[in-house]
Structures are given as structure tokens and as C-alpha cells.
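Structure record follows, encoded as C-alpha cells.
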Amino acid sequence: MLWDVSQWIDQYYYVLLACFTIAGLFWFRHKKVFIIALLLTALIAPTAKQVFAEDRPCVGLGTCPVSEGFPSVHAASAMVFAFAAIGSTAFPFFMIVALVIGGSRVAFGVHTVPQVIAGFALGALIYCVVWSMAYKLKDEEVAVRHGLMD
Amino acid sequence: MSAFETKRQAAHMAFGALLVGIGVLFGENALVAFLFACLVGGLALLNWHRLGGRNKLVNGILDSFERRFIEFPGKGALMYVVGALFLVTFSQNLQFALAMICALAFGDGFATIIGVRGMHPLAWNKSKSAEGLAAFIVASVASASLFVPFNTALFFSVILAVVEAIDFPVDDNLLIPAVAVLLKLGVGVPA
């Protein structure tokens, strides 16, 4: 069953990402922080893969993705959703989804556990950096003008 | 500095010492597992508290160590765990990660305790003092050099002290680990 779930998540990942992003824009407390963090994660995580250049556990197998393994981009973006859901009743859902997505990447054989946890750590760091900046700047003109903490 | 702030810094350093102890005694995997459990468990507890849930333990900890009138009680502790987890997973070298946790815990902790009593404000940031900067370097070098060579500890401590003393709009518990990892990637770990 875990394999089936993992395969389903892998097949429909971008659909899930789009649906959750739209849901988040209704649900999350700090929408702009969430979008900025998600975009930064989409930029930084693949770059980090190039820098660390660590192989996936499935390297050499036909179904293995061509990109490197460290860190997991899926895990990083899932953790951004979980952090963005803090302060809402949707948090348990997004936290569980993040853990399931991370676990599915390991079950599917495309990442090791350390690669997934590194992805979680990166997503968490990026969200917290953006959140921290928006919070510290919230009385500054730029934050007020752009409603960063909205 | 108030007794409350001194207590906060002591807790900051104590948690850092706990992380170092786990890393030394049980290894990298145990430290990562502990930090990840703290992250998930801490997030769940803090979110529940934020939604109105009340628990004597959580309330007691927040009342003892969290500043008043803060948007998200427990944010500082959360940032600390996130920063430490990032440091350990992305350093890919346990000794270096433990050294930087020492910089984060003891360097930042002593910089705050000593710095508020400083009489010589920094030219680039009047809210920080030269005494605090020096305290960061001394405490960080003294503790980090238990895990990395003295020259490495000194190099990273000086850079991180300067970065910490600049008024970036980012929490120090995130900034110090991020800069440490980027510096390690950029220059390697000098002998």
C-alpha cells in the first residue's frame, strides 16, 4: 500500500502542489510569506542539489530521476506548506501530508532518509527566514506598503 | 540585563549543550532524529497553544522563557531547532556541526549577556557593543575548538561574530547556521 501511495503521490505531485497552493492562499495566515518562501524553495533546493551533487539511492536504475538527491525538493516544499499552516486548524493536515510525502520519497527509492530530512530542514529554514524578515520589518514602510504580514 | 533575559540566555546555552552532548554520545543520526522530533513535536504543541489549547507544561515553559507580547510564543525556540537541524544536515560533518552549535549557543549567549553591559557601541550597529562582539568570539572559539582545529574555530567565530553584530532582519538562530554552512561550502574547512 505504501508503494501505491508513493507512486500516486509521484504521479500527481504537481497537481497536488497546485491544489494545496490554492488552498493555502485561502487558509494560511501569512499568504505573501508563504508564496515568497515557496518560490525561494523552488529556486534554492534544486541549486543545492547541484552544489552537493549527492547521488540518489536508485542511481543506475531506469526509473530513477536524473537530478541529484540532496536535498529532497519534494520534502522542502512540503515543509514550507506545513510551516505556512502554523496558527491554523489546517496545520495537522499539512504536517501529516509533509511527513507522508517525505516518507513516500524514501519508500519509492528516490531519496534516502537523510536526504528527505535535509529537504525538510531546508524548507523550514527558508520559510523561517522569510517569516523572520517580514516580522522584523513589519513596522517598516516596505512591509506595510506591501502588506507582507497579511 | 534583567534576570529574565539572563535565564533565557542560560536556557539557550543549556539546549545547545544538550545538542552537543547528544551528538558526542550518540552520533549524528541520533542528533538529527532528536532535532527532527523536537521540530515536529514542538510545532504541534505550539500550534495547539496558538489555537487556544492550554497545558500546564507548555504554559509554564512559555511563561518562564518567552518574552511578553510576542506574535508567536515559542518562535525563538522554533527558529533555534530549525537552525540547528539545518546545520547538522547540511554540514555533512558532525564535528563541524557541533562546533557551530557551540558558536550558536555559547557565542550568541555570552554575546547577549556581556554585550548589554558593554560601554562601547559598534560603529555599524549602535545597539551592539564591542564587548559583546569580543565575548562572542572568545566563547565561540573556546567551545568550538573542542571539535575543530583552533584556526578553524577562530576563523568561523570571527566571521559569525561580525555577521551577528550586523543588524540583519533575520533571527540570529537562523542567520548563524546559514552563514556557517555557506561559508563552509565557499571556503571549505581550513586546517
Side-chain angles (χ1 to χ4, degrees), chain A residues 29-30 33 44-45 47-48 50-54 70-72 75-76 79-80 82-96 98-99 102 112-140 142-143 148-149, chain B residues 28-29 31-53 70-94 97 167-182 184-186:
Chain A
R29 187 180 171 87
H30 301 304
V33 170
I44 293 171
T47 306
Q50 301 291 321
V51 169
F52 287 90
E54 185 177 300
F70 184 100
S72 165
M79 189 52 81
V80 169
F83 266 76
I86 291 173
S88 78
T89 49
F91 171 77
F93 171 75
F94 282 102
M95 190 71 238
I96 290 169
L99 294 174
T112 61
V113 171
Q115 290 173 349
V116 165
I117 293 186
F120 284 146
L122 182 63
L125 184 92
I126 291 172
Y127 186 87
C128 286
V129 167
V130 178
W131 186 22
S132 175
M133 288 183 73
Y135 183 73
K136 289 200 175 190
L137 290 172
K138 69 178 176 176
D139 293 326
E140 302 286 335
V142 62
L148 271 179
M149 289 302 274
Chain B
E28 185 173 347
N29 290 340
L31 181 56
V32 170
F34 177 77
L35 281 167
F36 190 66
C38 283
L39 179 64
V40 175
L43 277 176
L45 274 176
L46 291 175
N47 189 71
W48 173 70
H49 182 271
R50 184 156 175 73
L51 292 175
I70 193 165
E71 186 218 353
F72 185 80
K75 187 161 69 81
L78 181 64
M79 303 282 181
Y80 195 171
V81 171
V82 169
L85 182 62
F86 176 78
L87 196 50
V88 177
T89 52
F90 277 78
S91 295
Q92 300 195 317
N93 179 324
L94 179 63
D167 194 20
F168 286 117
V170 177
D171 194 294
D172 287 343
N173 293 320
L174 303 172
L175 187 64
I176 291 171
V179 171
V181 168
L182 288 172
K184 179 179 180 289
L185 286 173

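The chains referred to below are lettered A, B, ... by the order of the sequence lines, with proteins before strands, and numbering in each begins at 1.
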Legend entry - Portion of A/A85 that has a non-hydrogen atom of chain B nearer than 4.5 angstrom: backbone
Inset, instruction - To the nearest 0.5 Å, tell me how far B/D172 CG sits from A/S132 OG. - result: 9.0 Å
Legend entry - Proximity breakdown for B/L175 and chain A, heavy-atom pairs closer than 4.5 Å: neither
Inset, instruction - With the side chain counted from C-beta on, respond yes when B/L43 and A/F91 share a heavy-atom pair under 4.5 Å apart, and no when they do not. - result: yes
Legend entry - Region of B/E28 in contact with chain A, defined by heavy-atom distances below 4.5 Å: neither
Inset, instruction - List the atom of A/F83, the atom of B/L39, and the distance in Å for their closest heavy-atom pair. - result: CZ-CD1, 3.7 Å
Inset, instruction - Could you label the plane-to-plane angle of the A/F120 and B/F36 rings as parallel, tilted or perpendicular, counting under 30° as parallel and over 60° as perpendicular? - result: parallel
Legend entry - Pick from B/T89, B/N29, B/N173 with the largest number of heavy-atom pairs that fall under 4.5 Å of chain A: B/T89
Inset, instruction - Please look at B/V170 and chain A and tell me whether the side chain, the backbone, both or neither of the residue comes under 4.5 angstrom of a heavy atom of that chain. - result: both
Legend entry - Contact winner vs chain A - B/L185, B/L85, B/L174, heavy-atom pairs under 4.5 Å: B/L174
Legend entry - Side chain to side chain, B/Q92 and A/F52, heavy atoms closer than 4.5 Å: yes
Inset, instruction - Would you check if A/P71 and B/F90 make a side-chain contact, meaning some heavy-atom pair closer than 4.5 Å? - result: yes
Legend entry - Under 4.5 Å from a heavy atom of chain B, the part of A/S88 involved: backbone
Inset, instruction - Could you look at A/Q115 and say if it's the side chain, the backbone, both or neither that has a heavy atom under 4.5 Å from chain B? - result: neither
Inset, instruction - Let me know if A/V51 has heavy atoms under 4.5 Å from chain B in its side chain, its backbone, both or neither. - result: side chain
Inset, instruction - Measure the spacing between CG of B/L78 and CD1 of A/I86 and express it to the nearest 0.5 Å. - result: 5.5 Å
Legend entry - Which atom of B/A178 lies closest to which atom of A/L125, heavy atoms considered: CB-CD2, 4.4 Å
